[in-house]
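Worth knowing before you read on, the calculation uses all heavy atoms, side chains too, and leaves out hydrogens, waters and symmetry mates. Counting convention: from 1, in listed order, for ligands and their atoms alike.
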Amino acid sequence: MTGFTGADFWDERYKQEAYLYGAEPNDFLREHAGLFGPGGRVLSLAEGEGRNAVFLAEQNCRVQGVDFSPEGQAKALGLARARGVAIDYVLADLTRYDMGTAAWDGVVSIFCHLSTRDRPPLYAAIRTALKPGGVFLLEGYNAAQLSYCTGGPKDVDYLTSLDMLVEAFEGFEIILARDTVHDIREGLGHTGSGSVTQFIARKLG
Ligand SMILES: C[S@@+](CC[C@H](N)C(=O)[O-])C[C@H]1O[C@@H](n2cnc3c(N)ncnc32)[C@H](O)[C@@H]1O
């Protein structure tokens, strides 16, 4: 794989000492983290340098991050150590990763940008992997982000589609589904007004 999508690309970006997206969690996740409940088992996709997993562990969730960047994994485990919490972190390619069946109270996807071809199987796997009552939460840049120069992939094929999400999670309770523009300041990686899709859906029991 090349460009924005390969593990080498991300390792190169994460090699610097600074946290590319900062050490604080994503605002949308922070706002809705109560949905996972204390003690909930939460899987965080494309976890990167650990800011979201560490935050969830601080909320007493049992967290597993998954990402294909060894540099991201090392920084995430370092951040967890520094903040005195435990996280699991699996190195894997999400296009081939088995999330299990009815295994998770929550699945989180923050700025996880897979191709249009790879997203439907990922969403199908999330449907299967959630326990009944489990919650899927996503924030990702959408196609309108191409007009902003504040972060995210420059190829529309990797940008989030609300329509695709709504179709993929048919039969779930849709708690929130919107395209919105808001200020996103997360390290040097996300630097201002950005166009995102936000989505929360609960698997019915
Ligand atoms: C924009 S970063 C977001 C990191 C983190 N979610 C955050 O918000 O700080 C995108 C992440 O997706 C990961 N990623 C991209 N494609 C992946 C794939 N196919 N399998 C696993 N991880 C992937 C990258 O390694 C990178 O850490």
Side-chain angles (χ1 to χ4, degrees), residues 1-16 18-33 42-58 61 63-80 83 87-99 106-126 129 136-142 145 148-155 157-160 182 184-192 194-199:
M1 282 188 285
T2 56
F4 203 81
T5 57
D8 290 353
F9 171 85
W10 288 103
D11 273 342
E12 203 50 46
R13 298 190 98 193
Y14 291 156
K15 257 182 194 155
Q16 56 179 323
Y19 281 72
L20 182 60
Y21 301 106
E24 294 307 310
N26 168 265
D27 282 345
F28 183 61
L29 174 62
R30 190 201 299 265
E31 195 181 330
H32 297 285
V42 181
L43 179 67
S44 179
L45 307 177
E47 174 52 43
E49 300 159 299
R51 64 193 182 109
N52 296 315
V54 166
F55 164 74
L56 287 166
E58 288 170 342
C61 293
V63 196
Q64 180 179 295
V66 55
D67 198 292
F68 60 13
S69 164
E71 294 284 346
Q73 181 194 43
K75 285 172 89 173
L77 296 178
L79 187 63
R83 300 252 285 261
I87 61 167
D88 285 335
Y89 194 117
V90 174
L91 270 187
D93 185 333
L94 283 170
T95 62
R96 292 191 285 270
Y97 180 62
D98 181 359
M99 297 177 210
V107 176
V108 167
S109 172
I110 303 296
F111 299 114
C112 170
H113 293 113
L114 299 191
S115 70
T116 304
R117 188 195 59 191
D118 288 332
R119 273 174 279 146
L122 182 82
Y123 295 159
I126 294 168
F136 174 50
L137 177 150
L138 172 147
E139 181 170 74
Y141 287 119
N142 58 35
Q145 175 64 8
Y148 298 77
C149 288
T150 52
K154 304 290 178 267
D155 180 347
D157 194 46
Y158 286 83
L159 291 164
T160 313
H182 74 112
I184 303 172
R185 295 188 188 273
E186 302 179 323
L188 292 174
H190 295 155
T191 57
S195 182
V196 293
T197 296
Q198 297 176 329
F199 186 76

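- The distance criterion of under 3.5 Å between nitrogen or oxygen atoms is not met by Phe111 with respect to ligand 1.
- Residue Glu47 touches ligand 1 through its backbone alone, judged by heavy-atom distances below 4.0 Å.
- At least one N or O atom of Asp67 sits closer than 3.5 Å to an N or O atom of ligand 1.
- By the 4.0 Å heavy-atom criterion, Tyr14 is counted among the residues contacting ligand 1.
- For Leu91, the CG atom counts as densely surrounded, since its 6.0 Å shell holds more than 12 non-hydrogen atoms of other residues, nucleotides or ligands.
- At a heavy-atom cutoff of 4.0 Å, ligand 1 is contacted by the side chain of Leu114 but not by its backbone.
- When heavy-atom distances to ligand 1 are checked against a 4.0 Å cut-off, Asn52 comes that close only through its side chain, counted from C-beta outward.
- In this structure, the side chains of Leu45 and Val107 come closer than 4.5 Å at one or more pairs of heavy atoms.
- Listed by chain and number, the residues in a salt bridge (charged side-chain N to carboxylate O under 4.0 Å, His left out) with Glu186 are Arg51 (sequence neighbours excluded).
- Looking at Tyr21 and His190, their side chains come closer than 4.5 Å, going by heavy atoms from C-beta outward.
- Once rounded to the nearest 0.5 Å, the distance linking OH of Tyr89 with OG of Ser69 reads 6.0 Å.
- Contacts of Phe68 with ligand 1, taken as heavy-atom pairs under 4.0 Å, involve both backbone and side chain.
- Residue Leu45 places no N or O, backbone or side chain, under 3.5 Å from any N or O of ligand 1.
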| task | Might you work through the ring-ring contact (aromatic ring centres under 6.0 Å, His included) test for Phe28 and His182, ending with a clear yes or no? | result | CA-CA 11 Å; Phe28 183 61; His182 74 112; 8.1 Å; no

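- Between Arg51 and ligand 1, a contact under 3.5 Å exists for at least one N or O pair.
- Residue-ligand proximity: Asp93 is placed with a non-hydrogen atom under 4.0 Å from ligand 1.
- Using a 4.0 Å heavy-atom cutoff, Ala92 is listed among the residues neighbouring ligand 1.
- The shortest distance between side-chain heavy atoms of Phe55 and Asn52 does not fall below 4.5 Å.
- Between the side chains of Thr150 and Gln145, at least one donor-acceptor pair of N or O atoms lies under 3.5 Å.
- Nearest to atom 6 (N) of ligand 1 by heavy atom, out of Gly65, Ala46, Gly48, is Ala46.
- Close contacts of ligand 1 with Tyr21, meaning ligand atoms under 4.0 Å from a residue heavy atom, involve 1 (C), 2 (S), 9 (O).
- In this structure Glu31 satisfies the salt bridge (charged side-chain N to carboxylate O under 4.0 Å, His left out) test with no other residue, sequence neighbours excluded.
- With a 4.5 Å cut-off on side-chain heavy atoms, Ile184 and Phe111 count as touching.
- Not a single N or O atom of Cys112, backbone or side chain, sits closer than 3.5 Å to an N or O atom of ligand 1.
- In the vicinity of Leu94, heavy-atom distances shorter than 4.0 Å reach the ligand 1 atoms 18 (C), 19 (N), 20 (N), 21 (C).
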